[in-house]
Amino acid sequence: MPFMKGKAPIRRTIQYLESSRLVLRDRVKIMMINYNVHGDHHEGARDFVFWHLPQLQYKNPQVQVTTLKNITPTPFMRIFFENGEDVLVDVDSKSRTEIFDHIKKVFCKSDTKLAEEKREAQILDNPGNFGWGCDRQCICEVPGQVPCPGVIPLPKFMRGKYKYGQVDE
Amino acid sequence: MFSAVKSNVVNVGRVNRLWLPLNDVTVTLAGVQSVRRTRKPLWLPPAKSKMFKIPPRKYIPEEESRELLRLYNNYRTQMKMIRRHLKNEVQRTAATSELALQQAAEEEAEHQALMEYNLQENLRVAALRGKRVQKEFEAEMARVEATKKYQEEKALLAEEEAMRIITETQEFAKSFIKREDLEQAIEAAIANPVDYNFAVDNEGHVFRGRLTKPQDTDEKDWEKLPATAMQ
């Protein structure tokens with residue numbers, strides 16, 4: 001199988017994207033990151049964008065993530081919340097791991113919370129439900145219930161056209 | 001068409017259907033729809049024919065009624081159970097429940113704490129950045145100073161060079177032939193011809209003059225080229 005195209009195409013693999021722990025909190029809506037293409041003190045920001053931005057967007061499809069290049073002399077991030085409030089994060093001369101840790105601590109759901117949510121999602125599945133995404137598509141599949149009217153016509157007393165009288169037109 | 005009488009007839013999909021008490025009947029009289037109620041209005045007293053009528057009392061055997069009651073009680077208990085359980089669930093997970101409010105308050109507090117932490121981080125990084133910018137500025141100034149000094153030195157050297165050339169030329173200018181001394185200089189030149197001819201042999205001896213021969217002087221008096229003289 002040939003090599004994937006591009007620089008560090010591992011960033012595009014599902015395994016890499018799924019393994020990220022950067023799930024932003026519910027109140028974070030927009031994330032803007034400002035950095036320059038050249039400059040030593042921008043290197044951390046550049047690396048963070050290169051390695052972790054795809055993961056961030058993958059895990060948070062409803063959050064708008066934008067990058068703005070070569071506008072300001074120092075790199076920074078601006079995060080907007082639900083209530084319109086915004087917060088600045090200074091990343092001047094910080095390394096990629098430092099930025100990652102800071103973002104994880106301040107703006108992402110903690111690991112315990114993620115585990116809890118995963119557990120809750122499993123519990124909420126009511127085995128009695130039927131329909132899409134459940135064990136049974138329709139109640140007619142269950143033995144003891146009324147069989148599917150598409151297969152066996154319903155008795156007359158259950159059908160609307162007989163219950164509400166013959167139609168006179 | 002709207003009738004003045006309150007009608008229990010509604011038009012459902014181009015067909016007239018009865019809305020309430022099924023005993024009513026629509027009657028069309030001369031194109032005007034009216035309603036004849038089949039049931040006696042409640043405010044009328046009972047008819048004379050019904051004066052001595054005893055309505056039959058329903059008889060249910062005791063065992064049957066007990067069984068019915070048992071069944072009904074069971075059913076009602078079960079329904080109450082389900083309803084109460086669901087109500088509790090709703091209350092428990094409602095947005096305004098105590099737990100939810102507490103969680104919301106906790107989240108707010110956590111958010112505030114994190115924002116505070118972020119602020120502190122920003123201040124710390126700002127201090128570092130200040131230092132870095134200061135250092136860069138100082139480095140820039142030093143570079144500028146060094147360049148200025150270098151330029152100054154260069155200017156000084158150029159000046160010295162210029163002075164040297166001027167003095168040399170001045171010295172040289174002293175030996176220029178002036179107009180008054182021209183004839184004298186010409187006569188002196190004619191009287192002292194300069195002979196540029198010379199010959200050189202393998203050992204590096206130089207014999208100056210067009211007509212000099214090696215035999216004219218002794219070997220030890222022969223002029224040697226500076227390079228061979230060193231050997």
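A note on names: the letters A, B, ... follow the listed sequences, proteins ahead of strands, and every chain is numbered from 1.
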Participant: Are there over 12 heavy-atom neighbours, none belonging to B:D201, within less than 6.0 Å of that residue's CG?
Facilitator: yes
Participant: More than 12 non-hydrogen atoms from neighbouring residues, nucleotides or ligands closer than 6.0 Å to CD on A:Q15, yes or no?
Facilitator: no
Participant: Using a 3.5 Å cut-off and no angle test, enumerate the donor-acceptor pairs between side-chain atoms of residues 135-143 of chain A and protein atoms at least two apart in sequence or in another chain.
Facilitator:
| residue | atom | partner | partner atom | Å |
| --- | --- | --- | --- | --- |
| A:R136 | NH2 | A:P127 | O | 3.4 |
| A:R136 | NH2 | A:G128 | O | 2.9 |
| A:E141 | OE2 | A:Q137 | N | 3.1 |
| A:E141 | OE2 | A:C138 | N | 3.4 |

Participant: Would you say that more than 12 heavy atoms from the other residues, nucleotides or ligands in this model lie under 6.0 Å from the CG of B:L99, or not?
Facilitator: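 More than 12 heavy atoms, drawn from other residues, nucleotides or ligands, come within 6.0 Å of this atom.
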Participant: So does B:R84 have more than 12 non-hydrogen atoms from other groups sitting under 6.0 Å from CZ?
Facilitator: no
Participant: With a 6.0 Å cut-off (strictly less than), is the heavy-atom count around CD of B:E159, excluding the residue itself, greater than 12?
Facilitator: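 Atom CD in B:E159 is not crowded, with 12 or fewer foreign heavy atoms closer than 6.0 Å.
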Participant: Sort by residue number and list every residue of residues 20-38 of chain A having at least one heavy atom under 4.5 Å from chain B.
Facilitator: A:R25, A:R27
Participant: Find the one option among A:F107, A:F76, A:F81 whose heavy-atom pairs under 4.5 Å with chain B are most numerous.
Facilitator: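 When all of A:F107, A:F76, A:F81 are compared, A:F81 has the most.
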Participant: Please determine whether the number of non-hydrogen atoms from other residues, nucleotides or ligands lying under 6.0 Å from atom CD of B:E62 exceeds 12.
Facilitator: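 Incorrect, the count does not exceed 12.
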Participant: Any side-chain heavy atom of A:S93 within less than 4.5 Å of one from B:R132?
Facilitator: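 In contact.
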Participant: In terms of heavy-atom proximity below 4.5 Å to chain B, should A:K94 be classed as side chain, backbone, both, or neither?
Facilitator: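 Only the side chain of A:K94 comes within 4.5 Å of chain B.
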Participant: With a sphere of 6.0 Å drawn around CZ of A:F50, does it hold more than 12 non-hydrogen atoms of other residues, nucleotides or ligands?
Facilitator: yes
Participant: What residues of residues 100-124 of chain B sit under 4.5 Å from chain A when you count only heavy atoms?
Facilitator: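 Result: B:E107, B:E108, B:H111, B:L114, B:M115, B:Y117, B:N118, B:E121, B:N122, B:R124.
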Participant: Report the residues that fulfil side chain to side chain contact (heavy atoms under 4.5 Å, CB included) with B:P56, sequence neighbours left out, ordered by chain and then residue number.
Facilitator: none
Participant: Step through the shown structure and confirm whether more than 12 heavy atoms of other residues, nucleotides or ligands are within 6.0 Å of CD on A:Q145.
Facilitator: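 Yes.
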